[in-house]
Structure formats: C-alpha cells, structure tokens
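Taking it in order: structure first as structure tokens, then the write-up.
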Amino acid sequence: MAGDWKNIDIAAAFRTEPPVMDFVLPGFLAGAVGGLFAVGGAGKSFFALEAAMDVVTGDADPLGLNLTEHGDVLILSVGDPEIVLRHRLHDLGAMLSPSERAEIASGLTIMTRTGVGWDLMTGKDFGEVAEFGEGKRLIVLDSLSRFHRLDENSNRDMFAVRGQMEALALATGAAVLFLHWVGESAALTGRGCWGASLANMSAKEAGKLGELGADEVVGEGMSGYYVRLSLPDRNDGEEVEDRWFRRGTGGVLLPVDLVTVKSKRESTRLLGRGAPASPRMAVGTAVISGGSTSNGLQQKTGSTTAAEGLLRLFQPTQRPTRVVEKEIETLWGKVTITGRLGQRHLDLLQHIRACALRVGRLDDGGISILCDPFEIRKRLGGKGIYSHEGMWTLLNEMVGVLVEVKTPEPWSWERIVNFVVEAKVTERNRLTGKERVSMRVDLGSFATALFDEDLQLYYDPAVISALQHGISQAIARLVLTHKDEPNGGWKIDTLIRQVAGEIDARGMVKARAFIKAEARGLEACGIAVDTEAMRIHLRR
C-alpha cells in the first residue's frame with residue numbers, strides 16, 4: 001500500500017552500487033508524481049501531448065528532449081472536446097513521418113471524458129484509471145481539478161489528492177504528471193509551485209510553463225509567441241536548464257534555441273552591408289566560424305522572415321521568368337531585382353534554414369548555415385526526393401540574383417545567397433548507416449539583413465512547398481505573416497493583387513481557380529478558403 005513504511009538497508013546501500021535513476025522526462029523520475037503549472041493558454045496540453053510523443057518514440061522528438069528510454073503513454077483528458085484533441089493531433093501529425101505516426105498511434109493512448117471527470121478519491125474511478133495505466137511509462141492527468149472533488153484551497157485535501165496520485169504511480173510503476181491551471185496573480189517568480197493550494201508541492205516536483213519575461217527580448221511584440229519551460233532539478237543533483245518553445249500552427253510548441261546576439265540595428269538603413277562578393281558557386285571544403293555575442297535573446301534560425309512573405313521579391317509562380325531591374329516599392333525604399341526568383345527558390349531557401357544543423361557568424365558579420373542536402377531534397381520533393389541537379393540549379397540561380405537597395409543612405413547591391421560549398425562535416429543516414437556530405441550556404445548581405453532585422457517566422461515550410469501552384473504558395477506565405485486576420489478575413493482578389501501586382505482579368509480568373517483547387521492544401525497550412533464568399537481565414 002502507498003502508506004506502508006519501508007526500512008532502508010543502510011549497510012547494503014554503502015557497499016552496493018545503486019541502480020541508475022530512470023528519468024521519464026528531464027528531472028522527472030519513473031514512479032514519481034509531478035505537476036506542470038501554467039496560466040490559461042500557455043500551452044500545457046500541447047506540451048503534455050508532445051512530451052508523450054517524445055516518450056513513445058525517440059525518432060519524432062517534437063520537443064527536442066533527446067530521451068533515451070521509451071515506453072507507452074496514457075493521457076486522460078477531461079474538459080477538452082474530442083474535436084479539439086483531433087485538431088491538435090492533426091497539427092502535430094503534419095510534422096511527423098508515416099513511420100513516426102504509426103509508432104505513436106501504437107504506443108500512445110488518449111482517452112477523453114467530457115461533462116464528468118474521474119474522482120481518484122473513489123475506489124471505482126481509481127481502479128479504472130489504474131487499469132488503464134497498467135504497463136505505461138507515463139500517465140498524464142489533464143487537468144488536476146477534474147480528477148477530484150475536494151477543496152483546492154485546503155492543504156489537507158490537496159495532500160489527500162497527492163497521496164492518491166502517489167498510489168497510482170506505485171500501482172502502475174508509471175510517472176504521473178498532472179497539469180494544473182493557475183491565475184496570473186498566483187504565479188511566483190523563478191522556479192517552484194504556484195498557488196496557495198499547492199503548498200505541498202515543492203520546487204523539486206513542479207514545472208512551470210509561461211511566457212518570456214520582459215528582460216528576455218525576442219523582438220518587439222513577439223514575447224507572446226514564445227514560452228519558457230522551467231523544470232525541477234534532478235534528484236541526483238544535476239541542474240536542468242530552462243527550455244524555450246515557439247508557438248507554431250494551431251498552438252504546436254516548437255523547440256528553439258535562444259542565444260545572445262549583438263543587436264544589428266542601424267539608424268535609417270535596414271538593408272545593406274557594403275559591396276557584395278562576386279557571384280560564385282564552388283565544390284570544396286569549408287568550416288563555419290563562430291561569432292561573438294552580447295545581450296538580447298534571439299532564435300538561432302527561423303524558416304523564413306516576414307518580409308519574404310510581404311514583399312514581391314519572389315514571383316508568385318513555380319516557373320519564374322528572368323527580370324532585369326524590376327523595381328518594388330518597400331517601406332525601406334525602392335528595391336530593384338535582377339535575376340530569376342520564384343516560389344521554388346523560396347521553398348529551397350526556407351528548407352535550408354529550417355533544416356540547419358549549425359548556424360555560425362562569418363568574420364564580416366554574415367551568416368553561414370551548415371545543412372544536410374539530402375534532408376532538404378527529401379522535404380523539397382514532398383512524396384519523392386527532389387533531384388540533386390534541380391536543387392543545384394535553384395542554388396546557382398539564387399547566387400546570380402542581384403538586389404539593388406535604394407534608401408536615404410547611399411544605395412548598394414545586395415545578394416540573397418553568396419556562396420554554396422560542400423563541407424567536410426558528414427551526416428549519418430539513419431536508414432543506410434552511411435555517411436553523407438553536408439552543405440554550407442553563406443547568406444548574402446540582403447538575406448542576412450532580413451535575418452537580423454526582420455521579424456522571423458517559424459512555421460514548417462514543408463506544408464507550403466507541397467502546394468502545387470506558386471500563387472497559392474505566395475498567398476499562404478503572406479497570410480502566415482499575420483497573427484490576426486482582418487474583420488471578415490481577407491478577400492482573395494486583394495491577396496492575389498498583393499502578391500502578383502496588377503494582373504489582367506484572365507490572369508485573375510486563373511489565380512482564383514488555382515486557389516480554389518488547393519483549398520485542402522492551404523488547410524494543412526492553417527489557412528481556410530471560403531470559396532462561396534471568396535475570402536481566406538486563419539484557421540484557429
């Protein structure tokens with residue numbers, strides 16, 4: 001029984017090496033009880049769902065926890081309707097491979113119960129939950145208030161609930177994680193528990209999920225897009241570092257590395273870093289040098305920036321034509337493009353950043369990205385593998401593009417990509433076990449300026465590159481730069497003109513038809529197409 005005392009054999013403990021501690025999640029032992037506290041809307045349920053996938057399989061690892069031991073998981077959800085849970089699973093499923101989906105579907109059990117919860121204080125409900133949790137490595141109770149009927153402001157009652165959860169952990173051998181909502185006024189600074197009713201939860205048993213503080217700068221107005229997870233230190237004394245996540249499509253939490261970087265702000269010039277190097281493409285070897293950092297927090301790399309979706313730098317087609325000094329009016333001045341840029345080029349650029357193995361600073365302040373070209377070709381090809389020759393053709397075309405920036409300061413020529421080269425660093429193919437060569441891509445001064453100064457976005461570019469028509473891709477990228485939609489959504493015709501400029505009636509009819517035909521694909525991007533009202537909405 002949970003209340004039975006166990007006498008520790010001290011002499012045996014002195015002479016016998018103890019077993020290795022089994023941590024189900026960072027700082028969370030198997031057979032233990034822990035809580036995750038957060039204000040409403042912070043992402044507790046998404047975190048629990050993604051953590052469950054991490055526990056089931058090491059291949060998916062959506063939270064980047066790098067767990068070494070895996071097992072089955074049970075999530076008991078009370079309060080969230082089935083349709084909400086299915087939307088969450090669908091959004092997460094878009095990030096997984098077919099084999100990962102199959103493994104998670106086999107090892108993860110989610111049970112929902114609306115209208116009435118489980119009362120762990122009764123023998124019937126406790127026995128039912130224990131039966132469901134038998135053989136599981138992790139049991140998630142979402143959320144705590146729906147698993148008892150006692151007074152949460154009473155320490156005595158909460159001690160009793162805690163005791164039942166410990167009994168559940170003992171009966172099943174699983175780690176029991178409960179989620180608990182707290183009001184903003186109840187939040188304490190730093191690590192530890194929140195709320196007077198949780199006084200029996202020590203700082204070593206409670207995790208906290210919340211938005212970044214005011215001293216953690218990720219861009220003006222952007223703190224709400226990030227959450228920080230503070231976990232208890234491990235029982236073996238090892239400190240568990242805080243982790244950061246970026247809110248993605250539908251609320252999915254995406255792991256990010258926040259690092260200190262030097263601010264690149266300039267007075268009146270957003271773009272431009274002096275004369276670019278001559279266009280070049282080579283095959284050789286290279287390594288990425290590090291760069292100095294200072295204050296301020298910023299993600300290492302996003303998949304795209306807002307300007308790439310807002311400006312007409314990339315033609316809204318997968319078959320772009322070469323242009324000579326095509327002029328675009330921007331907030332920062334006139335931008336003139338010479339070269340061939342379309343949505344397929346932008347697909348490749350976004351996949352390079354999204355698949356970055358390492359990001360470094362060059363001596364001149366530029367950005368160099370080390371990436372796996374096979375992974376990029378796989379993502380770029382959708383159901384197949386994009387050709388090696390096709391990828392290098394796109395890269396060559398991007399290297400050859402010149403962007404002239406005319407600002408109040410003297411104008412300059414800029415580049416999107418300066419240099420591409422095969423690197424010494426190799427990456428192991430998980431399927432064949434063979435090593436494959438990585439690729440280094442040095443961003444040009446234009447792309448580097450956007451990376452440093454513009455708002456970075458972190459959606460998965462695979463769902464956009466899977467679209468069949470460039471106009472649909474351009475509109476998806478434009479819409480996804482917005483956090484909120486205008487009243488009534490966007491008019492489709494207005495969006496077409498924003499990405500394509502003024503086009504004739506025939507071109508407008510063709511663009512509308514492409515968008516209607518790709519309604520399902522746009523839905524996967526988090527965008528709903530109302531074909532009757534001819535409007536587009538962000539899917540919540």
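These numbers were taken from a predicted model, which means no experiment stands behind them. Along the sequence shown, residues carry numbers from 1.
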> Using 4.0 Å as the upper bound for N to carboxylate O, is an ion pair formed by Glu375 and Lys378?
Replying inline: yes
>> Can you confirm whether Thr336 sits close enough to Leu402 that some side-chain heavy atom of one is under 4.5 Å from a side-chain heavy atom of the other?
In response: no
>> Just verifying a value: how many Å separate Arg477 CZ and Ile475 CD1, rounded to the nearest 0.5 Å?
In response: 12.0 Å
>> Is it the case that the side chain of Gln473 and the backbone of Ile464 share a donor-acceptor pair, with hydrogens and angles ignored and the cut-off at 3.5 Å?
In response: yes
> Rounded to the nearest 0.5 Å, how far apart are CZ of Arg101 and OG1 of Thr57?
Replying inline: 13.5 Å
>> Set out, in order, the CA-CA distance, both residues' side-chain angles and the distance that settles side chain to side chain donor-acceptor pair (under 3.5 Å) for Gln318 and Gln468, then state yes or no.
In response: CA-CA 9 Å; Gln318 294 186 0; Gln468 299 299 308; over 6 Å; no
>> So which atom in Val56 and which in His70 form the shortest heavy-atom distance, rounded to 0.1 Å?
In response: O-CB, 3.6 Å
> Quick one: does Val529's side chain get under 4.5 Å of Ile492's, heavy atoms only?
Replying inline: yes
> side-chain contact (heavy atoms from CB on, under 4.5 Å) between Ile352 and Leu395: does it pass, once the steps are laid out?
Replying inline: CA-CA 11 Å; Ile352 286 171; Leu395 287 168; 4.0 Å; yes
>> How long is the straight-line distance from CG of Asp442 back to CD1 of Ile367, given to the nearest 0.5 Å?
In response: 10.0 Å
> Do you know the tightest heavy-atom contact between Pro461 and Gln350?
Replying inline: CB-OE1, 3.5 Å
> Got a donor-acceptor contact below 3.5 angstrom from the Thr393 side chain to the Glu389 backbone?
Replying inline: yes
> Hey, are the side chains of Ser45 and Arg88 touching, using non-hydrogen atoms and a 4.5 Å cut-off?
Replying inline: yes
>> Using 0.5 Å steps for rounding, measure from the CZ atom of Arg243 to the CZ atom of Phe47.
In response: 8.0 Å
> Closest heavy-atom contact between Leu380 and Leu348?
Replying inline: CD1-N, 4.0 Å
>> Rounded at 0.5 Å granularity, tell me how far CG in Leu313 sits from CD1 in Ile337.
In response: 4.5 Å
>> Would the distance check show the side chain of Ser106 and the main-chain N or O of Glu103 forming a donor-acceptor pair, the cut-off being under 3.5 Å?
In response: no
> Counting N and O atoms only, with roles assigned by atom type, does the side chain of Arg340 sit under 3.5 Å from a partner on the main chain of Pro320, one being a donor and the other an acceptor?
Replying inline: yes
> Do Arg377 side-chain atoms and Tyr386 backbone N/O form a donor-acceptor pair below 3.5 Å?
Replying inline: yes
> Roughly how far, to the nearest 0.5 Å, is CG of Asp530 from NE2 of His537?
Replying inline: 5.0 Å
> Is there a donor-acceptor pair under 3.5 Å between the side chain of Glu50 and the backbone N or O of Ala48?
Replying inline: no
> Closest approach of Gly470 and Gln343, non-hydrogen atoms and distance?
Replying inline: O-CG, 3.5 Å
>> Taking Ile376's backbone N and O only, do any of them form a donor-acceptor pair with His351's side chain (distance below 3.5 Å, no angle check)?
In response: no
>> When you compare the side chains of Asp372 and Ser438, does any donor N or O come within less than 3.5 Å of an acceptor on the partner?
In response: no
>> I'd like to know if the side chain of Arg440 pairs up with that of Ser368 as donor and acceptor (distance under 3.5 Å, no hydrogens or angles considered).
In response: yes
>> Does Glu82, at its CD atom, have more than 12 non-hydrogen atoms belonging to other residues, nucleotides or ligands within less than 6.0 Å?
In response: no
> Heavy atoms, side chains only, cut-off 4.5 Å: are Trp490 and Glu485 in contact?
Replying inline: yes
>> For a 4.5 angstrom cut-off between non-hydrogen side-chain atoms, does Leu467 reach Leu522?
In response: yes
> In terms of side-chain geometry, is the basic nitrogen of Arg344 or Asp347 positioned less than 4.0 Å from the acidic oxygen of its partner?
Replying inline: yes
>> Under the criterion side-chain contact (heavy atoms from CB on, under 4.5 Å), I'd like the reasoning laid out for Ile369 against Arg353: C-alpha separation, chi angles, the key distance, then a yes or no.
In response: CA-CA 7 Å; Ile369 300 175; Arg353 288 184 295 215; 3.6 Å; yes
> Are side-chain heavy atoms of Phe514 and Glu518 found at a separation under 4.5 Å?
Replying inline: no
> Can you check whether Asp80's main-chain N or O pairs, donor with acceptor, with Thr112's side chain at less than 3.5 Å?
Replying inline: yes
>> Within the structure provided, determine whether Leu443 and Leu349 are in side-chain contact (heavy-atom separation under 4.5 Å).
In response: yes
> side-chain contact (heavy atoms from CB on, under 4.5 Å) between Leu25 and Leu65: does it pass, once the steps are laid out?
Replying inline: CA-CA 8 Å; Leu25 294 171; Leu65 300 180; 3.8 Å; yes
>> Quick one, Leu370 with Val359, criterion side-chain contact (heavy atoms from CB on, under 4.5 Å). Give me CA distance, side-chain angles, the key distance, then yes/no.
In response: CA-CA 6 Å; Leu370 188 73; Val359 180; over 6 Å; no
> Which atom pair, heavy atoms only, marks the closest approach of Ala524 to Val463?
Replying inline: O-CG1, 4.0 Å
> Looking only at heavy atoms, what is the nearest atom pair of Gly390 and Ser387, with distance?
Replying inline: N-OG, 2.8 Å
>> Assess the residue pair Glu397 and His345 against the criterion (side chain to side chain donor-acceptor pair (under 3.5 Å)); give the C-alpha distance rounded to whole Å, side-chain angles, the decisive distance to 0.1 Å, and a yes or no.
In response: CA-CA 8 Å; Glu397 289 175 345; His345 297 87; 2.6 Å; yes
> Does some side-chain heavy atom of Ile496 sit less than 4.5 Å from a side-chain heavy atom of Ile515?
Replying inline: yes
